[in-house]
Amino acid sequence: MSNRTIMLIDGSSLAFRSFYSILDIERFKNKAGLHTNALFSFNRMLDNVLQEFEPSHVLVAFDKSDVTFRTEKYDHYKAGRQKAPSEFKEQMPYFRVLLDAYGIKHYDLINYEADDIIGTLAFQADADDKVVIISGDKDLTQLASDHVTVYITRKGVSDLEAYTPLVIKEKWGITPNQIVDMKGMMGDSSDNYPGITRIGEKTAVKLLKQFGSLENMYDRLDELKASKMKENIINDKEEAYMSKDLAQILQDAPIEIAMDDLVWKEKNIEALVDFYRHMEFNSFLKQIQGDSLNVTSQTEDDKQFADYEIVALQQTDEITSEVLPDYAVYYSETLVDNYHIAEIQAVAWADPLTEKVYIMEKDIAFQSSIFKKWLANPQALKIFYDYKREAVIASRYDCQLEGLDMDILIATYLVDTHNAQELADIVNLLDLSVSVSYDEAVYGKGVKKKVPEELGVFHQHLAKKLQALYLAKEPILLKLDEVVMTDLYYEMELPLAKCLAQLEIIGVKVNQTTLEEKNDQVLSRIKEMEDEIYKMAGEKFNINSPKQLGVILFEKLELPVLKKTKTGYSTAADVLEKLLAKHPIVQAILDYRQIAKLQSTYLAGLPPYIKEDGKIHSRFVQTLTQTGRLSSTDPNLQNIPIRIEEGRLIRQAFVPSQEDWLMFGADYSQIELRVLAHISNDEHMKAAFINGEDIHSATAKRVFHLPEDQPVSADYRRQAKAVNFGIVYGISDYGLSQNLNIPRKEAKAFIDRYFEEFPGIAQYMEEIVAEAKENGYVKTLFNRRRYLPDISASNFNIRSFAERTAMNSPIQGTAADIIKIAMINLQKNLEKEGLESRIILQVHDELILEGPKEEMERLTQLVPEVMEGAAQLSIPLKVDCASGKNWYELK
DNA sequence: AGACTCACG
DNA sequence: ACGTACGTGAGTCTC
C-alpha cells in the first residue's frame, strides 16, 4: 500500500498569477532594484501548499518557450497574448533559485508545455497514490480522477478550489475527460484557438449531455434539428477537432525524469536564508529563523553559536575593572518597546578585543558602583544600538550613561529610513558574518512573549547581538560616508540623541486632578449627547461605530451618500459637514465625536501614563519618520489639542515640575514656507519674508491681484493660506479643491496663478521631481536623504504620490533639521549660562521649556536668538515666544 | 490585525 | 482618464 502524495505544480501559470496577485509592485523591490512581488507571492503559496498537503513527491513544471508542438499544429496557438511585463520577466530566473533552495525538483521540456509534463507524470502515478495538481489554468481539470485532484487558484494564488470528478460533474454536468470535448466546441480565447462559432460553455455542455463526445456528435449530426447552430457545427468541423486536439493534455510526453526524482525531503535552510536576504523577504526570514532555531536547539548546530565567549556574571563583586573594557559594546534587553517602564531582562556588554560577552541580571549589575562609574565614564567608549534607550534605562538606576562612540540604530536609519526595524535587520543590511535571530523567533510574540526557558539560548541571542553591533560599526560608517551623511550623523543626530535622552528623562509634569475633573464633567455631557442623538435617530446604537452610524444616517434617515470607504459609507467629519443642513442629527454627531475624542484619547488616555513622580515620560522616537521629524509615543505629546478651545483647555493640566517655575514656549513662525522661499530662491516669496509681511496676505495680494495698499479680507487670506499649504504638500488641483470645497477648475486656476506669481517655486517643483528621478532620492539642506523608489513607477497614482513626496520632503525635512540644531544649541547655551531651565517637549516647530520664573526674562532673549540662528538662510527665521503657569497659557 | 476616524505639526 | 493633499499616533470597532 503506497502512501505517496505527489504534488505537481504548474509553475508557469502560478508564477504569472503570483505576479498579478500583488499589484503594488513598487513596494516589492530589493536594493538591487529587482521587483520581487511574484517571488514573494509564489513563496507564500508554496509554503501554504507544502504545509497543507505534506507531499512526499513534488515537481514544479515550467513552459520551456513559446514554440511547442501545438504551435506547429496551429500557428495562431497562444498568439496575440500580451507580452509579460518586464517587471515579471526579470523575476523569472529566480523561481528556479527559490525552488532549489526548497529542495524541490523543477523541470521543463523543449516543445512541450508545463501541462504536458504534469499530465504525463499524473498518468504514471499508481492508483493508490494521491496526486495533487495545482495551477491557475482550468484546462488541467481534465486530469481529475478518483486519485487525482486538481486545485485551481481562485483569486490571488493562495485561495484554492478543488476539482474532483464529482465537483466537475456538479459544476458542468460532465466528466473530466469530456472537458477536452467542451474546449473543442467552445474554443479558448486566451490560448487563441477557435472552436465552433457561437458555441460557448452552456451549449457545449448541452451537446455533450446529448452526444457524449465531439466524435459522436459529428457521427450523429442528423439528430440535430436544422438551425443556424447546426450549420456552424458542420462548417467548423475542422476547427472543432483541431481545438479538441490542442486542448488535450499529453500523458506521454518524452520526459526524462521519473517519479523517483521528485522525492521531496527538506528545505535547504541556508540557501533559503540567502535567498530571502537577497530578496529582502524579512517576514519569511523571521519565520525560517524561528523554525531553524527550534530545530537546532535539539540538534545543537554549531552555526547557531556566537563567536564570543559568554561569561555569565552572577554576583556584584564579579564586576572588576578586568571585565570593564575601555572600548565596549553595550546592550540591555527588554521585551517591550517602552523603555521607561520595561522590565530589564539582562544587561550585557562585550569586549571586542578579548571577544568576551558579559551578561548579568539588572539588579546585580546596577548594584555595582564600579559598573555605574564605568557607564558614566566618558573615556570608556561604547557602541550602542540605541543610546537614548540605554541612557533612559541607566537613569532608572540613577546612573549616567556617557562614552557614546556609536549609535548603530541612528546610523542605519540615516542610511535608509526603512531599515531600522530591529537589530537582526542590520545584519542583513550590512551582510555581516554573524547571524542574529529575530526577537520574535527567540522570545515569541503576543501574550506568550518571554525569555526562553533555556538560559543558554537567551545568552546566545544576546551574544550575537553584541557581536553584530561591533561588526556593524565600520561598514555602517563607510555607508554613511558614501551617502554623505557623516556630518549629519556626528553633528546633528548623535548630539540630539543625548539631548532627547535628557528631555525624556526629565519628562513633563501633568496634573492628574485637573484631567480627572475635566473627565467627570465631560462624561456627563457625553451621556446627554448620546441621549439626544438616540432620540433623533429613534433608536439606540453605537455612535462610535462607523458601520452602525452609516446605517442610521444613510439608510434610516436616507441622507445622501457623498463618499464611500472601502467597507461602506464614509462618516468622516468633512462628509458630515456637507450634510449639516439635511438633518440636525449631523451637528449632534459632530459635537459628540469631538468630545468623545477628547475624553478617550486625552482625559482618560493620559492619566495612566503619569508615573509616581507625577510626570509623563513620552518617547521621542528619532529613527522613525521618513522626513527627519521626531515622533512621540506612549503617549503622543505632539498632538495635544489646540485648535478648538474646548480641547485646548487640556493643556492646563501640563504644568511646571517645581514650585515657582513657569512654562516657556517658543515656536517658529512659518518655518516651512521660509524654508521653501530659501531653497526655491523665489524672489517674490523671499521679499515677503524679508519685508516682514504676513505671508498669506502677501500671497493673496499676488494671486488675487488685490491692491497693494489695502488690507486683505479674511476670506482671501484663508484661501491663500490653503494654497500655501498645498504648495508645501506638493500641490494638486484635486487636493486643493477638496480642502477649499471649491470646483477643481477654480483650484487649478489658483495654482496656475500662484505659479505665475511665484515662478521660482514653480521651477523648484519641476527641478526637485527631476532630481528625484535622476538620483532616486531627494535631500534636505543638511543632506538628509529620502529615497523615492516609486518616482518612476508606471502606475499614475503611485508615481504621483512619490512626486508630491519629492516636493514636500526637502521642505519638511529641512525644517526638522533646523529645530534639531536649535535644540542642541539651546541645551548647550542653557548649560553654559548655568540656567536651570530645560527643554521638555518638541512639537515639530516649537519647543516647550520649564524653568524658574526668574529665568523667563533671559529665556525670552536667548531662546528666539538660538532658534533663529540655527540656520543661516537667505531670509530671516522668526520665532514667537511666551511664558505662563501652564502649557495653555503659552499663547 | 486592519479599517476608520481624528488629534497635532 | 487615473483619483490624492505632506508627516505622525491612538482609540474604537470589527473580523
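Chain letters run A, B, ... following the sequence lines, proteins first, then strands; residues in each count from 1. The model shown is predicted, which means the values in this text are computed figures rather than measured ones.
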| message | Stacking between C/dT4 and A/Y734, yes or no? Criterion: centroid separation under 5.5 angstrom, plane angle under 30 degrees. | response | yes
| said: At less than 4.0 Å, is any side-chain N or O atom of A/K547 found next to OP1 or OP2 of C/dT12? Yes or no. | reply: no
| Nearest-angstrom distance from the residue atom CG of A/D574 to P of C/dA5 | 10 Å
| Per the atom types in the model, does the base of C/dC6 pair as donor or acceptor with the side chain of A/Q812 at under 3.5 Å? | yes
| request: Ignoring backbone atoms, establish whether A/S545 has a side-chain N or O less than 4.0 Å from OP1 or OP2 of C/dT14. | output: yes
| said: Measuring to OP1 and OP2 of B/dT5, would you say a side-chain N or O of A/T571 lies under 4.0 angstrom away? | reply: yes
| query | If only side-chain N and O atoms of A/R643 are considered, is one of them under 4.0 Å from the OP1 or OP2 phosphate oxygen of B/dG9? | reply | yes
| field | Strand partner of C/dC2, provided both Watson-Crick or wobble distances fall under 3.5 Å | value | none
| Has A/R799 got a side-chain N or O lying under 4.0 Å from the OP1 or OP2 atom of C/dC2? | no
| said: Rounding to an integer number of angstrom, what distance separates B/dC6 and C/dG3 when you compare their P atoms? | reply: 24 Å
| said: Distance criterion of 3.5 Å, no angle test: do you see the side chain of A/S732 paired donor-to-acceptor with the base of C/dT4? | reply: yes
| query | OP1 or OP2 of B/dT5 sitting under 4.0 Å from any side-chain N/O of A/N544? | reply | no
| Taking the six-membered ring for Trp, is the centroid-to-centroid distance between A/F284 and A/F40 below 6.0 Å? | yes
| A/R804 vs C/dT4: side-chain N/O to OP1/OP2 distance below 4.0 Å | no
| query | Between C/dA10 atom C1' and A/L603 atom CG, what is the distance in whole Å? | reply | 14 Å
| message | So, OP1 or OP2 of B/dC4: does either fall under 4.0 Å of a side-chain N or O from A/T565? | response | yes
| A/Q548 side-chain N/O to C/dT14 phosphate OP1/OP2 under 4.0 Å | yes
| Between A/K748 and A/D752, is a salt bridge (charged side-chain N to carboxylate O under 4.0 Å, His left out) present by the stated rule, with each step listed? | CA-CA 6 Å; A/K748 177 151 184 355; A/D752 290 344; 3.2 Å; yes
